[in-house]
Trainee: 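Have a look at this one before I ask anything.
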Amino acid sequence: MLKKLLAALGTLALVLGLVALVAGPASAHNHTVTASCAAGVSVNLTYYATGDATKHNTVAVWIDGVKVTDNPSFGGSFSQTYPFSTGQASHSYRVLVTAYDNNAAYGFDTGVVTVSGCETEITPAAATSTNPYCTAAGVVGGGGYTIPAQQSGVQYQLWNAGTSTWSNIDAGPHNANPGSVIKIQAIATTGYKFKQGVTTTWTFTLTSPDASKCVVPVAPTADASECTATPGSSTTATYTVPNAPAGYSYFLQGSATPLAGGTVDVTSFPTTIVIVATANPGYTFPAATTTTWTFTFSSPGDCHVNVTPAAVASNPATCTAPGVSSDNGFTITATPGVIYHLSTDTTPLAAGFHSLGSGAGSVEIQATAEAHYVLTGTVDWKFTFAAATDCLVKVPAGDPVFVDGACDATHPGVATSGTYTVILADHVHYVASVNGSAPTALVVGVANQAQPGDVVVITPIADAGYVVSPVIASEKLTHTFAVPGDCLVKADFVKPSATSQSCVVTELDDSLAKASATHTLTDAFITIPSTPHVRYYINDVEQTTAGDVVLKPGTYKVSAAAETGYFLEGYNGPWTEVLTSAEPCGDLITHPLVFPLASQHQLGCFANGSYTLSNSINDAAALTWTVNGSIVTPGTYSVSSAGTVTVHAAANGPSYGLEDGATTDWTFHFVRPTSCDLTTLALTGSTPTGWIVFGYLLLVSGLALVAVRFARRREGQM
């Protein structure tokens, strides 16, 4: 009995194990979501349970806040990669999966995940320069630099030496003066970075050519030998070399001997004369200057009279009445000195029309010169004629009217259908083929419906005895109806504002009340705007009510999204807002107040002046002093020559503040006295240095001796 029980249990275990092996993977619900800057977001879902036609698993994916999945339902597995766009420093994604059989256990939501460090690595194209060069006689120009064509992620800037700043500059060539020093740098824009070690700065120093050394040679001239009015007589062929100035010389090609100015006769034919101009040392020809002249001289010949035969006219058959055609033929116009004849017969043809009948055929007419004439121009005419036409009556047909579907202004996200209509035309009817279907007849004036993307081909057909002319261009008969797109309507958005904590101190006017001043710590908050068709989120939580949302100090992600049928133009969110904490109320710091002090001691006739910088609390760290734009320390500074000194004082906050009404700016003008001349200077012609100082000492000593003598005399009298 025990053995049977054990055998039954073993068999049951094998069956259950086999069921587990077969059924296990089908309900494992495995999922992986990976992301990287280069690859994007990969979603792999396997072994999900499959339902019937009414039960589905669904997957939704958002990339950078935009829903990108186009087929949200799937069966047992789903695998797809969604790439990131280039030119962004970071990207975000969210994957939401719903499992129909047990969403709580197998569904998941990654939430919004941010992938950082995704700047696109690029190499900026190099800026180039062009040195000035001769552009014309006595003129130098053409110098400058070229900024490469617009490149995604790169902004070029030009250094402005006058303001010591960089400023953006457009792509293309830019002029610059000779001798200019040009500094250019490339900076990476948001979402991009430069490859390690690439060149991002360029400095060009342009040359300064001497314009007086820019010369342009005068072109030599030539006169060919030509027949005169007298038969057999011709003029003399010549070429003339201009007198060359100091900047260049003329040579015959292959010769090292300069040519003298003057006219030279040519008597041998055929003859080719090549004259070359060469710039002398130190001189330059502008670019594209002609420096070589080739003159080819030939004999004028026998000087016979030239004549151009009048062209033979082709007269193809034409309709002269409905169903009636004229004959094919040609017309000869009489020309003195010219004989016309068929190519197969030398018998002269008379002037006038020559009929060839109404059938198809070809003919060749030739012209031969009479004695003492030479023919020029066309001397042979070949005509091929077709049989006369059936002379059908031509009738015009109107262009069809195509009207594309458009967005419904009253229903965002909804588009209307397009239409096509044919125009009434005598003896013409129309058929249409939609997306390659069999042609169907159209009713004139009736608007036919067309869906976005439909390709409609309309064919006009003339009635018997008529032909459509002019033929309607094929592009006017074929039309692909435009797809209006998602028909979204722009919704204007306002970025929410953030307000950090602050401490408000309320004091009474009397001094006793200050000790009992109240301190209030205000809340930090983010203000949600009231904007139609726009939803706002704080940390991905929708804020359903406009106004202030009180929050604890910290960092928050604030974003906006448009309602269905709308879109946000220029949206640059999500935004990061930092709400800071205020200092503890009641622990506010009292900073000392200071009064800046500045004084001037003027220049003397022979003594230096000075100015002194200090402050009311005698603390060197309380103020920052600036003299003529340079920062100095407090103290006394000597001035030895006339000039102006501009002084500015600023409190070193927040530890120090300025007293009410404190002066912070002074302008000291230092000048020498105008009444320093002494008689001694005029008599001796000496300078103040030395003799005048010595005389001044003698004068002071003499006055002292007189004062002592006077005092002793009074003492004796008493």
Trainee: Going by the rule side chain to side chain donor-acceptor pair (under 3.5 Å), which residues pair with Thr207 if we only count those two or more places apart in sequence or in a different chain?
Mentor: none
Trainee: Donor-acceptor check, side chain of Asp399 to backbone of Lys476, threshold 3.5 angstrom: yes or no?
Mentor: no
Trainee: What distance do Phe525 atom CZ and Leu551 atom CG have between them, rounded to the nearest 0.5 Å?
Mentor: 10.5 Å
Trainee: Please answer whether the main-chain N or O of Ala49 pairs with a side-chain N or O of Tyr100 as donor and acceptor at a distance below 3.5 Å.
Mentor: no
Trainee: Can you tell me how far NZ of Lys67 sits from CZ of Arg94, rounded to the nearest 0.5 angstrom?
Mentor: 9.0 Å
Trainee: Of the non-hydrogen atoms in Ser152 and Ile122, which two are nearest, and what is the gap between them?
Mentor: O-CD1, 3.5 Å
Trainee: Answer yes or no: does atom CD of Gln150 have more than 12 heavy-atom neighbours from other residues, nucleotides or ligands under 6.0 Å?
Mentor: no
Trainee: Could you walk me through whether Thr165 and Asn160 pass the side-chain hydrogen bond (donor to acceptor under 3.5 Å, both in side chains) check?
Mentor: CA-CA 5 Å; Thr165 58; Asn160 187 327; 5.1 Å; no
Trainee: Check whether the ring centres of Tyr106 and Tyr48 lie less than 6.0 Å apart, and answer yes or no.
Mentor: no
Trainee: Identify the heavy atoms of Ile631 and Thr624 that sit nearest to each other, and give their distance.
Mentor: CG2-CG2, 4.1 Å
Trainee: Can you see which heavy atom on Gln151 is nearest to which on Pro124, and at what distance?
Mentor: OE1-CA, 3.7 Å
Trainee: Please report the closest heavy-atom contact between Val483 and Gly453, naming both atoms and the distance.
Mentor: CG2-N, 3.9 Å
Trainee: How about His174 and Tyr145: are their ring centroids closer than 6.0 Å?
Mentor: yes
Trainee: Run Val112 and Trp62 through side-chain contact (heavy atoms from CB on, under 4.5 Å) and show every step you take.
Mentor: CA-CA 8 Å; Val112 178; Trp62 290 262; over 6 Å; no
Trainee: What's the separation between atom OG1 in Thr419 and atom CZ in Phe481, rounded to the nearest 0.5 Å?
Mentor: 6.5 Å
Trainee: Are any of the side-chain heavy atoms of Pro452 and Pro484 separated by less than 4.5 Å?
Mentor: yes
Trainee: Parallel under 30°, tilted from 30 to 60°, perpendicular over 60°: which one fits the rings of Tyr571 and Phe493?
Mentor: perpendicular
Trainee: Treating Thr522 as the side-chain partner and Ser502 as the backbone partner, does any N or O pair qualify as donor plus acceptor under 3.5 Å?
Mentor: yes
Trainee: Between the main-chain N or O of Tyr420 and the side-chain N or O of Asn448, is there a donor-acceptor pair closer than 3.5 Å?
Mentor: yes
Trainee: For the residue pair Leu658 and Pro596, establish whether any side-chain heavy-atom pair is separated by less than 4.5 Å.
Mentor: yes
Trainee: Output the distance between atom OG (Ser559) and atom CZ (Arg535), rounded to the nearest 0.5 Å.
Mentor: 12.5 Å
Trainee: Flag the pair Phe78 / His31 as yes when at least one side-chain heavy-atom distance between them is below 4.5 Å, and no otherwise.
Mentor: no
Trainee: Quick check on side chain to side chain donor-acceptor pair (under 3.5 Å): which of Asn102, Asp101, Asn57 does His29 satisfy it with?
Mentor: Asp101
Trainee: Counting only heavy atoms not in Lys557 (residues, nucleotides, ligands), do more than 12 fall under 6.0 Å from its NZ?
Mentor: yes
Trainee: In Å, rounded to the nearest 0.5 Å, how long is the span from CH2 of Trp666 to NE2 of His648?
Mentor: 9.0 Å
Trainee: Going by heavy atoms in the side chains, are Thr130 and Phe204 under 4.5 Å from each other?
Mentor: no
Trainee: Set out, in order, the CA-CA distance, both residues' side-chain angles and the distance that settles side-chain contact (heavy atoms from CB on, under 4.5 Å) for Leu206 and Asn177, then state yes or no.
Mentor: CA-CA 8 Å; Leu206 302 186; Asn177 294 326; over 6 Å; no
Trainee: Do His91 side-chain atoms and Ser85 backbone N/O form a donor-acceptor pair below 3.5 Å?
Mentor: yes
Trainee: On a heavy-atom basis, which atom in Gly117 and which in Cys37 lie closest, and how many Å separate them?
Mentor: O-SG, 3.5 Å
Trainee: Any side-chain to backbone donor/acceptor pair from Ser530 onto Ala546? Under 3.5 Å, distance only.
Mentor: no
Trainee: With distance as the sole test, does Asn652 use its side chain to make a donor-acceptor pair with the main-chain N or O of Leu623 at under 3.5 Å?
Mentor: yes
Trainee: Looking at every non-hydrogen atom in both residues, tell me the closest pair between Thr199 and Thr201 and how far apart they are.
Mentor: CG2-O, 3.4 Å
Trainee: Using side-chain heavy atoms (C-beta onward) and a distance below 4.5 Å, is Ile528 in contact with Thr545?
Mentor: no
Trainee: If I take atom OG1 from residue Thr646 and atom CG from residue Asp665, how far apart are they, to the nearest 0.5 angstrom?
Mentor: 9.0 Å
Trainee: Is the ring pair Phe402/His479 parallel, tilted or perpendicular, if the boundaries are 30 and 60 degrees?
Mentor: parallel
Trainee: Do Val414 and Cys487 come within less than 4.5 Å of each other through their side chains, counting heavy atoms only?
Mentor: no
Trainee: Given Tyr133 and Thr284, is the side-chain hydrogen bond (donor to acceptor under 3.5 Å, both in side chains) satisfied, shown in steps?
Mentor: CA-CA 9 Å; Tyr133 52 86; Thr284 302; over 6 Å; no
Trainee: For Ser42 and Thr81: C-alpha separation, side-chain torsions, deciding distance, then whether side-chain hydrogen bond (donor to acceptor under 3.5 Å, both in side chains) applies.
Mentor: CA-CA 4 Å; Ser42 295; Thr81 298; 3.0 Å; yes
Trainee: For a 4.5 angstrom cut-off between non-hydrogen side-chain atoms, does Ile526 reach Leu579?
Mentor: yes
Trainee: Mind checking whether Phe567 and Lys490 have side chains closer than 4.5 Å, heavy atoms only?
Mentor: yes
Trainee: Quick one: does Thr120's side chain have a donor or acceptor within less than 3.5 Å of a partner on Gly87's backbone?
Mentor: yes
Trainee: So, does Ser208 use its side chain to make a donor-acceptor pair with the main chain of Gly179 at under 3.5 Å?
Mentor: yes
Trainee: Under 3.5 Å, side chain of Asn168 to main-chain N/O of Gln157, donor-acceptor pair present?
Mentor: no
